[in-house]
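Since the structure comes first, as structure tokens, the remarks are kept for the end.
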Amino acid sequence: MKSKGFTDVRHDRGEQTVQTAGGEVFEFFLVVTPGLESIAAWELEQWLPGCEARVERGGLTLQLPLATGFSLNRKLKVPTRILIRLAEFPCREFPKLFRKVSTFPWEEWVQEPVEFSASSHRSRLRIKRGIEETCRDAFCARFKKKGLALKEPVDVEDAVCALVRFNEDLCTVSLDTSGKLLHKRGFKDFTTEAPIRETMAAAVLLLLEKTALELGLSFPVEFMDPMCGSGTFLIEGVNLERSLHKRPFAFERFVKASEAEKEPEVRRRTPLFSSLIGFEADSKASVVAEKNLSVLGHGVSVVTQDIFKAGELEPETRRWVATNPPYGERLKIRGPLAKYYEELFEAVERVVRPELAAFVLPLKVGPERLRVPRNWRVVTSVRFSNGGIPVAACVFHRR
């Protein structure tokens with residue numbers, strides 16, 4: 001079926017039509033925390049070797065068959081959501097927006113109410129609420145014209161979402177294939193104060209893997225988080241290679257979901273870590289971590305232990321470390337923050353002697369100026385924002 005006047009975003013942006021025949025290629029956009037795009041591109045290459053993606057600020061654009069694009073929700077750990085771009089067209093007035101949206105074959109994609117979310121940058125149509133209401137009315141008009149009934153409305157939180165983005169009078173319409181944000185994996189039921197999001201933790205672990213390959217280091221190795229909190233790094237370490245099937249995704253409610261049959265749970269390669277251990281000084285947080293980790297099976301453990309007071313671990317075991325220490329804001333630190341981090345480095349060196357170590361540190365402390373153990377050297381870092389706080393994930397190699 002064709003939709004007259006809508007642009008096929010797979011081609012040259014001209015006034016073309018949307019082809020709906022099987023085997024076609026669609027444009028997907030992987031939304032990524034700004035600063036983590038290069039890691040997301042590297043992760044994509046591990047799951048889909050040879051896949052070409054255009055790296056942009058805040059995400060990746062790529063062309064994929066429908067089933068493959070949908071499946072990335074289960075495979076990739078760094079993106080926060082995955083959009084499929086359905087249409088793109090120039091528009092400078094509300095009547096044209098209504099006409100365009102009302103002629104799109106929505107019934108081939110969804111059969112339930114859609115929640116429209118608008119954004120506008122340097123466009124004549126800049127009233128977001130007006131854009132959303134116009135699209136909503138046009139969507140309903142399409143179904144009414146076709147004599148089709150929509151399914152019963154669902155809660156707004158669980159509604160399928162269509163994103164309408166205006167940039168200099170160019171309108172892009174996308175469907176969110178993810179539903180709830182992808183950091184909600186379906187594994188972690190309990191949390192502690194000031195946790196790191198799962199997508200960010202996965203990015204840090206992948207940065208460790210990428211760095212190891214560049215340095216010629218082998219794995220699997222033992223992983224250790226000296227301040228594990230609710231266990232986010234440990235959980236991500238276990239599930240890094242697995243596809244996720246513990247939560248629902250929006251695309252499973254699409255009409256075209258039948259084209260993307262649920263695949264068996266797969267791994268992209270052998271595990272990165274042979275075992276995982278977390279230290280946590282706070283006994284309540286330690287209990288929370290144990291509850292979260294209880295469903296993951298063997299090979300993961302939590303020790304209620306202050307890293308600053310811990311004894312040395314077995315020296316013959318190769319270990320990597322990743323941790324998200326307090327930033328001195330929600331979790332207060334006594335004394336200068338820089339001194340606290342320098343003492344943390346020394347404690348990790350004494351207890352763990354890590355081959356690689358990644359620390360997520362606030363930029364306000366000047367991570368590049370911190371004193372580290374004499375046999376450590378920083379090999380790479382990435383900057384992003386965690387909870388509104390500018391941070392850097394710094395990776396050190398122990399020579």
Side-chain angles (χ1 to χ4, degrees), residues 1-32 37 51-66 68-70 72-73 79-110 114-142 160-178 250-251 254-256 259:
M1 185 174 183
K2 297 182 178 180
S3 171
K4 188 176 181 180
F6 251 59
T7 299
D8 182 350
V9 298
R10 297 165 295 169
H11 298 300
D12 61 3
R13 311 294 185 187
E15 288 288 340
Q16 301 176 32
T17 57
V18 173
Q19 304 280 333
T20 57
E24 58 192 328
V25 174
F26 289 83
E27 184 169 286
F28 287 85
F29 184 70
L30 313 184
V31 182
V32 178
E37 297 92 346
C51 178
E52 295 183 1
R54 184 172 73 249
V55 179
E56 308 172 31
R57 175 67 174 172
L60 313 175
T61 297
L62 61 159
Q63 313 284 333
L64 290 173
L66 202 60
T68 305
F70 286 164
L72 295 183
N73 283 283
T80 58
R81 71 167 77 238
I82 296 176
L83 310 178
I84 181 170
R85 287 172 170 164
L86 299 182
E88 193 169 80
F89 53 91
C91 184
R92 304 171 71 179
E93 55 188 22
F94 282 109
K96 182 174 183 179
L97 176 62
F98 180 92
R99 185 170 65 255
K100 287 285 189 177
V101 175
S102 65
T103 58
F104 182 69
W106 292 101
E107 68 278 4
E108 295 182 8
W109 291 91
V110 293
V114 168
E115 185 70 19
F116 285 89
S117 177
S119 63
S120 181
H121 176 66
R122 299 174 65 181
S123 171
R124 290 193 179 189
L125 295 184
R126 58 182 181 273
I127 303 175
K128 296 179 182 180
R129 183 174 178 180
I131 295 171
E132 292 166 356
E133 290 179 350
T134 299
C135 291
R136 193 176 300 116
D137 291 344
F139 175 87
C140 293
R142 171 71 185 185
V160 172
C161 183
L163 289 86
V164 183
R165 179 176 179 266
F166 276 87
N167 185 33
E168 297 184 347
D169 297 328
L170 185 66
C171 179
T172 304
V173 181
S174 306
L175 271 182
D176 175 15
T177 72
S178 303
F251 75 82
F254 292 1
V255 173
K256 295 176 179 286
E259 298 182 25

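The chain is numbered in sequence order, starting from 1.
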With a 4.5 Å cut-off on side-chain heavy atoms, are [Y] and [X] touching?
| X | Y | answer |
| --- | --- | --- |
| Leu125 | Thr134 | no |
| Phe28 | Leu72 | no |
| Thr61 | Arg85 | yes |
| Glu108 | Val255 | no |
| Cys135 | Leu97 | yes |
| Glu56 | Glu37 | no |
| Glu27 | Phe29 | no |

Roughly how far, to the nearest 0.5 Å, is [atom2] of [Y] from [atom1] of [X]?
| X | Y | atom1 | atom2 | answer |
| --- | --- | --- | --- | --- |
| Phe139 | Glu115 | CZ | CD | 11.0 Å |
| Arg99 | Glu93 | CZ | CD | 7.0 Å |
| Ser123 | Ile131 | OG | CD1 | 6.5 Å |
| Ser119 | Asn167 | OG | CG | 8.5 Å |
| Ser117 | Arg165 | OG | CZ | 12.5 Å |
| Phe26 | Leu62 | CZ | CG | 13.5 Å |

Taking [X] for the side chain and [Y] for the main chain, is one N or O donor matched with an acceptor at less than 3.5 Å?
| X | Y | result |
| --- | --- | --- |
| Trp106 | Val101 | yes |
| Arg81 | Asp176 | no |
| Lys100 | Pro90 | no |
| Glu88 | Thr172 | no |

Inset, instruction - Only one of Ile82, Ile84, Leu83 passes side chain to side chain contact (heavy atoms under 4.5 Å, CB included) with Leu175; say which it is. - result: Ile84

Inset, instruction - Specify the closest pair of heavy atoms between Leu64 and Gly69, including all atoms of both residues, with the distance to one decimal. - result: CD1-CA, 4.0 Å

Inset, instruction - Using the side chain to side chain contact (heavy atoms under 4.5 Å, CB included) rule, take Val160 and Phe254 through it: C-alpha gap first, then chi angles, then the decisive distance, then the call. - result: CA-CA 9 Å; Val160 172; Phe254 292 1; 3.8 Å; yes

Inset, instruction - Would you mind telling me which of Arg92, Arg122, Arg124 makes a salt bridge (Lys or Arg N to Asp or Glu O under 4.0 Å) with Glu168? - result: Arg122

Inset, instruction - Give the C-alpha distance, both sets of side-chain angles, the deciding distance and a yes or no for salt bridge (charged side-chain N to carboxylate O under 4.0 Å, His left out) between Glu132 and Lys128. - result: CA-CA 6 Å; Glu132 292 166 356; Lys128 296 179 182 180; over 6 Å; no

Inset, instruction - Go through the steps for Thr177 and Asn73 under the test side-chain hydrogen bond (donor to acceptor under 3.5 Å, both in side chains), then give the verdict. - result: CA-CA 8 Å; Thr177 72; Asn73 283 283; 3.0 Å; yes

Inset, instruction - For the pair Phe251 and Phe70, name the ring-plane relationship: parallel under 30°, tilted 30 to 60°, perpendicular over 60°. - result: parallel

